[in-house]
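Here is the structure we will look at.
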Amino acid sequence: MSWLCRSVWGCSPRNFYTGERNYSHNSSSEFYSSLGLEGFSVADTSGTVEEDTDSAILYGTLRGSIVGLRYYKGVVNNNEMVALQREPNNPYDKNAVKVNNVNGDQVGHIKKELAAALAGIMDNKLAVVEGVVPYGAKNVFTMPVQMSFWGREENKEAVLDQLKMHGFKLAPPLKGKSCTFWISGKTGPTYSAPVHAAVHLTTEQLKSEFDKLFEDLKEDDKTCEMEGAEAVGTLLLPHQKQALAWMVSRENSDNLPPFWEERNNFYYNILTNFAVKERPKNVLGGILADDMGLGKTLTTIALILTNFQDGKPLPVEKITSDKSYEVRWKKKIVSQLIYVLLLNVTSVFSGTASIQSVEKKYSEDGPRTTLIICPLSVLSNWIDQFEQHTSQDFHLNIYIYYGSDRNKDPAILSEQDVVLTTYNVLATDYGIRDDSPLHKIKWLRIVLDEAHTIRNPNAQQTKAVLSLEAHRRWVLTGTPIQNSVKDLWSLISFLKLKPFTDREWWHRTIQRPVTMGTPGGLRRLQSLIKSITLRRTKISKVKGKPILELPERKVLIQHVTLAEEERQIYQSVKKEGKVAINRFFNEGTVLAHYADILGVLLRLRQLCCHPHLCTNTSSSFSVAGSNTPEELRQMLVNKMKLVLSSGSDEECAVCLESLTLPVITHCAHVFCKPCIYEVIRSEQPNASCPLCRSELRVEHLVECSLEEELNSSNGKKGGQEWISSSKINALMHALIELRKENPTIKCLVVSQFTTFLSLIENALKKSGFVFTRLDGSMAQKKRVEAIQCFQSSQAGSPTVMLLSLKAGGVGLNLTAASRVFLMDPAWNPAAEDQCFDRCHRLGQKYNVIITKFIVKDSVEENMLKIQNKKRELAAGAFATKKPSASEIKQTKINEIKALIDL
DNA sequence: ACCGCCGGGTGCC
DNA sequence: ACCGCCGGGTGCC
């Protein structure tokens with residue numbers, strides 16, 4: 001199974017099974033304030049060489065000299081890499097370029113004539129200039145430097161011109177030999193232009209190498225087991241004991257970090273040839289990259305309780321029997337309050353302060369507190385799991401640093417055993433200068449959960465995380481690399497792995513060699529990953545046995561034939577839609593009528609479910625006529641709102657995933673808010689819509705809150721007589737057969753359309769099914785009730801749960817069900833998979849059978865084809881290439897054609 | 001720097 | 001000599 005869950009391009013602000021999407025409308029909190037231009041990590045569409053190193057080519061090389069060595073203490077070895085840095089404020093020369101060694105110490109300057117040529121190139125980011133000192137490192141006054149010029153193809157001429165103006169000319173790199181000696185200079189023979197560095201692996205090979213990268217991690221010396229401390233109230237599974245042993249050993253380890261060797265009293269970095277006298281400290285931590293469902297949270301809780309200082313367990317308060325009741329009661333309060341909190345009634349939350357009154361004075365010196373940072377969507381999961389897995393006889397001080405009344409006193413925070421917070425809160429605090437207590441504390445340990453949220457190195461969240469201080473650092477993620485090696489930098493940098501904390505060294509030593517397929521690049525990355533990562537998948541084995549014996553999962557497709565009357569309505573709507581869409585194609589206005597087209601497709605999809613579903617969606621097209629352009633535009637925007645409010649799981653054309661915080665543009669196209677903000681940021685000052693290239697402006701974006709709309713269209717149409725539909729009949733037939741077979745089997749009935757779920761309710765009632773319901777519009781308290789009720793094995797408990805496709809977060813556990821009926825296909829297959837995993841996960845006792853109802857000869861069949869294409873793309877390769885706006889456009893147009901049979 | 005460069009001293013053979 | 005040449009002073013940007 002591949003751990004590359006992403007499709008080929010784009011960077012989603014989240015991955016498919018987690019995400020900030022559960023926020024819905026958080027009007028009061030910091031969430032929106034931090035969701036500014038850099039609040040999210042999103043597609044990197046900017047054009048400078050620094051951020052777009054994947055498309056950089058090597059223009060050529062040039063020999064120059066570093067002068068002024070005697071004025072600086074930075075030393076270099078032969079063949080060592082050096083960094084060239086512009087120094088525009090140098091009082092002697094505004095063109096100055098200083099040279100630093102790997103440690104960041106200044107070595108000297110680039111000689112002024114050469115600096116004059118480089119300044120313009122570097123300032124305008126036309127090329128990245130990298131240096132290696134080939135020899136002469138022991139020189140007193142000057143030393144040579146071999147420079148490589150990297151940049152985008154289109155900037156090459158400009159760079160060569162600039163150099164030529166100053167009398168320099170690049171030489172091509174010598175093939176074969178890696179980055180060592182070239183001969184070049186002001187004079188010399190004319191060479192033809194250098195080309196791309198040789199690529200030694202195809203993308204396919206690279207991908208499979210990547211898979212192996214993690215495969216090989218399993219069979220290692222990471223098989224020691226360790227019991228958790230007494231305070232861990234849950235028995236750990238064997239693979240969790242292994243993880244605990246590994247984590248404890250990493251925290252207490254004194255080995256050299258990867259790529260460092262001891263050589264006659266010096267410590268050498270074999271990648272950069274950099275040497276230091278002091279022994280470099282190892283990373284006290286690493287990456288726990290187990291698949292979801294293997295218990296990363298539990299293992300981390302065990303680590304916190306088991307490994308405090310010198311391998312001793314955390315000195316937690318042992319509860320005497322008379323105190324026990326009080327504490328348990330207070331624990332309960334905390335987890336209930338968090339539910340309230342998630343509903344945004346933040347003022348109530350000041351109640352958590354009371355937990356501090358159950359305090360105990362600790363006398364340890366040094367930090368005792370573990371800081372856990374996670375997305376809001378899993379915050380309550382952490383609280384639940386602490387509750388579940390801490391032995392009843394112990395009391396942990398946990399402070400949830402969240403909400404407008406959060407306690408910002410560092411003294412209080414650093415007394416806790418655990419402080420839990422979210423990336424957004426952290427970034428918000430960090431944004432307000434000097435008002436971040438989290439940045440004033442030196443933590444015992446920091447744990448980043450779902451750490452891929454800090455993929456974008458330029459995002460505020462990433463910066464906030466990287467500037468925290470801690471002795472031990474952990475990264476928890478199910479998908480360490482989502483798109484490319486690039487994604488690893490933030491994580492590696494967080495772990496304080498020298499010299500990779502500096503992005504230049506990461507690029508030169510790992511990222512570029514890997515993406516360009518330089519021999520040994522992958523091996524390097526592998527050795528790095530291997531030394532700091534533990535990863536097991538669901539199919540990994542412990543002592544020959546599968547780690548988790550998950551029952552089978554089968555997906556069946558059941559075709560449904562529409563009844564004659566349904567077919568007639570369907571065909572007439574299709575015919576009308578096809579005529580209109582055909583016209584758009586002929587006029588070349590397909591994308592201008594995007595909302596209309598989505599509307600047609602939506603109606604067709606709804607008609608496949610039930611004729612009553614689409615009665616509220618207007619079927620009239622925006623026809624040019626008496627309407628002003630502004631009125632027409634408004635109509636389109638309204639249509640888009642209607643589509644979204646139906647519950648349809650539409651996708652964002654930028655990240656190609658389900659919409660997160662949908663916003664509608666002036667031109668009536670819809671994207672994730674973070675995605676479109678990133679487009680605007682990177683294309684400023686004049687951004688254009690990725691689909692139709694019309695002008696894009698933040699002030700024109702209309703936010704579309706899904707769940708509000710859902711509430712207003714809640715199901716039952718007044719006065720309308722209940723009738724069934726072919727699909728409902730098919731479902732009921734299956735449910736009734738199943739009940740005959742085994743009346744205790746529980747089922748999930750899933751649809752994107754909550755209105756459809758309401759219609760199904762009628763049928764369920766008629767046939768006497770006991771059912772419950774879970775959708776996005778329900779209050780948290782009701783959700784919890786619905787889930788508990790459904791999960792119960794008591795006689796008379798519901799056997800059917802009506803579930804909206806996207807309800808609930810990562811943690812939603814519906815293992816009581818072993819059957820899933822998916823009533824309508826989603827655009828995004830990952831959204832379906834995530835939904836299936838709610839019952840096909842740890843705790844599932846039976847084989848899971850999923851039935852997808854697909855109407856024959858309908859848009860649904862075409863959707864299946866597109867789903868398959870997407871799966872292929874996602875599994876194919878993790879090419880680093882992003883699609884251009886025109887490719888996005890073309891893909892969309894092709895999809896529309898395929899969907900409506902054109 | 002066992003260099004280059006600068007500017008002052010100097011001036012047939 | 002408005003030159004050449006010598007040799008001392010000097011030295012990143």
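Atoms considered below: every heavy atom in the structure, side chains included; atoms not considered: hydrogens, waters and symmetry mates.
Listed by residue number, A:V67, A:G68, A:R70, A:Y71, A:Y72 are the residues of residues 64-76 of chain A with a heavy-atom contact under 4.0 Å to DNA chain C.
A:N95 has its CG atom 17 Å from the P atom of C:dC12, to the nearest Å. Taking atom NZ of residue A:K112 and atom C1' of nucleotide C:dC12, one finds them 8 Å apart after rounding to whole Å. For A:N139 and C:dC12, the CG to P distance is 16 Å, given to the nearest whole Å. Nucleotide C:dC12 holds its C1' atom 10 Å from the CD atom of A:E87, rounded to whole Å. At whole-Å resolution of the value, CZ in A:R86 and C1' in C:dC13 are 11 Å apart. Remark: P of C:dC12 and OH of A:Y92 are 10 Å apart, rounded to the nearest angstrom.
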Intermediate values then yes/no, side chain to side chain contact (heavy atoms under 4.5 Å, CB included), A:L58 and A:M516: CA-CA 11 Å; A:L58 179 57; A:M516 296 198 97; over 6 Å; no
Derivation and outcome, salt bridge (Lys or Arg N to Asp or Glu O under 4.0 Å), residues A:R445 and A:E251: CA-CA 10 Å; A:R445 182 190 288 112; A:E251 290 200 339; 2.7 Å; yes
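A distance of about 12 Å separates the C1' atoms of C:dC5 and C:dA1, rounded to the whole Å. To the nearest whole angstrom, the two C1' atoms, one in C:dC12 and one in B:dC3, are 16 Å apart.
Within the 4.0 angstrom heavy-atom criterion, only backbone atoms of the sugar-phosphate kind lie near A:K111; the bases stay farther away.
Pairing for B:dG11 goes to C:dC3, judged as Watson-Crick or G-U wobble with the two contacts each under 3.5 Å.
Across all non-hydrogen atoms, the minimal contact from A:A115 to A:I110 is N-CG2, 3.7 Å.
With A:F494 as the aromatic partner, A:R473 meets the cation-pi criteria of under 6.0 angstrom to the ring centre and within 45 degrees of the ring axis.
A search for salt bridge (charged side-chain N to carboxylate O under 4.0 Å, His left out) contacts involving A:D502 returns nothing, not counting sequence neighbours. The salt bridge (charged side-chain N to carboxylate O under 4.0 Å, His left out) test applied to A:R508 returns A:E130, A:E504, not counting sequence neighbours. Every residue was checked against the salt bridge (charged side-chain N to carboxylate O under 4.0 Å, His left out) condition with A:K277, not counting sequence neighbours, and none meets it.
Note on residues 76-99 of chain A: pairs passing salt bridge (Lys or Arg N to Asp or Glu O under 4.0 Å), not counting sequence neighbours, are A:R86-A:D123.
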For nucleotides 2-6 of chain B, which of its nitrogen or oxygen atoms have a protein nitrogen or oxygen under 3.5 Å away, and what is each distance?
none

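Side-chain atoms of A:W506 do not come within 3.5 Å of backbone N or O of A:I492 as any donor-acceptor pair.
Side-chain to base pairing of A:D93 with C:dC13: no donor and acceptor N or O lie closer than 3.5 Å to each other.
Both geometric conditions, a ring-centre gap below 5.5 Å and a plane tilt below 30°, are fulfilled for A:F141 over the base of B:dA1.
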